[in-house]
Colleague: 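Sharing a structure, written as structure tokens. Questions coming.
Each chain gets a letter, A, B and so on, in the order its sequence line appears, and its residues count up from 1. None of these values were measured; they are calculated from a predicted model.
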Amino acid sequence: MSSIRVRFAPSPTGYLHIGGLRTALYVYLFARKHSGQLVLRIEDTDRTRFVPDAEADILKGLKWSGIDYDEGPDVGGKYGPYRQSERTELYHKYAAQLVENGEAYYAFDSAEDLERMRERTGTGYNAKTRASMNNSLVLSSDEVNRLLEDPSVEHVIRLKVPENQKVTFDDVCRGTIEFATEEIDDQVLIKSDGLPTYHMANVVDDHLMEISHIIRGEDWLPSTPKHVLLYRALGWETPVLAHLPLILSPTGGKLSKRKAEKSGIHVFVSDYIDAGYEPEAVVNFLALLGWNPGTEQEIFTMSELVEAFSLDRVGTSGVQFDKNKLDWINEQVIHGLQPSDVLDRLEGTFNVEGYDRSYHERVIEILLPRAGKLMEIPGQADYFFVDPSDYDEAVVAKRWKADSAKFVRAFSEKVHAVDRWEGERLHGVMEGLTKDLEVGFGKLILPVRLAITGLGSGPGIFDVMELIGKDTTLRRLGNIIERLG
RNA sequence: GCCGCGUUCGUCUAGGGGUUUAGGACGCCGCCCUUUCACGGCGGUAACACGGGUUCAAAUCCCGUACGCGGUACCA
């Protein structure tokens, strides 16, 4: 295999699923690791389940995640078009070739015919049953031609699956897998609406697009023998196969929308965007969900992932989605960010008039270590910009004692005399005061925190006072004495 | 039902015949730090599904059972 070409081939029957993104990521990592090409192919052959804005959502999700591709519907490429709905002639050409060679045949059975046959035989459309059906294997060629030309009669093209054979293939993640052809039905290749099924389209496109490795979810494993048979019938080489373990819901089973939501998990990538996760965190989490580097590293940049990735360290068993771990990774990621970067990521959501960029960055620096998601920061930053309009009642009840006003006043007086306005010095001032007054630190710091922020907990209060400045600090200390006495 | 795939702490996993009193991470619990809440640091809890083989030796190899997951469409 000289050049590596892989594809991510989502179907626009729904928005980009978190499991789909994981597949895309692994495909991407594999491509970049081996300096290969990544193709995005839209598999829109199901008209009935088509969702109009799904493709845009898929593109958006990939872009957000930092997964870029070399060829695709929006970037072009010499193997296009990259939407299967635009490639219909191709599938017809090869389907006709298969019919010509006796590897496939026309079938005219109605949905009711099929249902009756299944009830009667308890089996599918296969070597045992095809002789009893309406198809070009049993009908005369005159009759077949007549039916094909009759616009009131619908037809499909089916693969003629050989009898009593073993289909064997190697999977990079699982080794050799064998199926008996008796287990495989005569798969429809071209549907009565003229569009190909997944099986046909995927084989034709992977071959024409010179895909070297098929990396996809384990749910495709059972239909892989059909594809192998198709490659064989068309005289083409089968790409290398790798089936990824499925992502399971914490309650078991495929991570469906229903189950996921019950467990407080999002299924769509757009939900993760909306929930305020950083793309690096989602990517990092997904990378570790079914793959491991073989080292103890947990936090990776995308390029570190590319460097470390290999298909043979991908697991084989289904993996449960663990929201705790995602949250932890998101925390690790954001705690490593520079304040100016954070401000950029917060875009327009954190921009208080009258305060410059560096002031905002200082606020972020103070708040960031205690944030789980960046979007929490603006909502926690009020007291950096305006005096508290009221004081947390529970904290007042618990912490504001009869002597609190006295201590705040004492602190206020000492602070008044400070000219080099630094958090360290303010801390020193308070320490000195606790000694003079012979009281515990808590007697002073809690009421002061309440005065400055209106809250009972938060970041280091001396850092806050340093940033908001002397005037504001003194004003707030005065305010609380006035209001709570 | 049938076919396929899988099975190490609650979860993600390391390990692939002797290096293992089975290692790491998340979570949980405790301690320290901070006289706040977090962050951080330290420590603890907790697993080889079961039964047979093979072997001097099995979490590791083989078979069976159980359980889980997937597939069984003119859906992908």
Colleague: How are the rings of A:H266 and A:Y277 set to each other: parallel, tilted or perpendicular (split at 30° and 60°)?
Modeller: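 Plane angle over 60°, so perpendicular.
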Colleague: Rounded to the nearest Å, what distance is computed from the NZ atom of residue A:K166 to the P atom of nucleotide B:C3?
Modeller: 11 Å
Colleague: Roughly, in whole Å, what's the span from NZ in A:K226 to P in B:C74?
Modeller: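 Computing the A:K226:NZ to B:C74:P distance gives 9 Å.
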Colleague: Which whole-number value in Å describes the distance from A:L444 CG to B:U35 C1'?
Modeller: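 Rounded to the whole Å, the gap is 11 Å.
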Colleague: Write down the distance between NZ (A:K254) and P (B:C5), rounded to a whole number of angstrom.
Modeller: 18 Å
Colleague: Which residue, A:Q84 or A:L246, contacts RNA chain B at a nucleotide closer to its 5' end, judged by nearest heavy atom?
Modeller: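 Residue closer to the 5' terminus by nearest nucleotide: A:L246.
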Colleague: Let me know the distance between CD1 of A:I329 and P of B:A25, rounded to the nearest Å.
Modeller: 14 Å
Colleague: Would you mind reading off the distance between A:Y383 atom OH and B:U36 atom P, rounded to a whole angstrom?
Modeller: 16 Å
Colleague: Atom CD of A:E183 and atom P of B:U72: how far apart are they, to the nearest Å?
Modeller: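 Whole-Å distance recorded here is 14 Å.
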Colleague: Applying a 3.5 Å limit to both distances, which nucleotide forms a Watson-Crick or G-U wobble pair with B:C3?
Modeller: B:G70
Colleague: For the side chain of A:R158, starting at C-beta, report the closest nucleotide among B:A76, B:C74, B:C3.
Modeller: B:C74
Colleague: A:Y125 ring centre to A:R158 NZ or CZ under 6.0 Å, with the angle to the axis within 45°?
Modeller: yes
Colleague: In terms of the nearest nucleotide of RNA chain B, which residue is placed more toward the 5' end: A:G252 or A:D186?
Modeller: A:G252
Colleague: Which of these nucleotides, B:C69, B:G23, B:A76, is closest to any side-chain atom of A:L248?
Modeller: B:C69
Colleague: Is a donor-acceptor contact shorter than 3.5 angstrom present between the side chain of A:R174 and the base of B:C5?
Modeller: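 Checked by distance alone, the answer is no.
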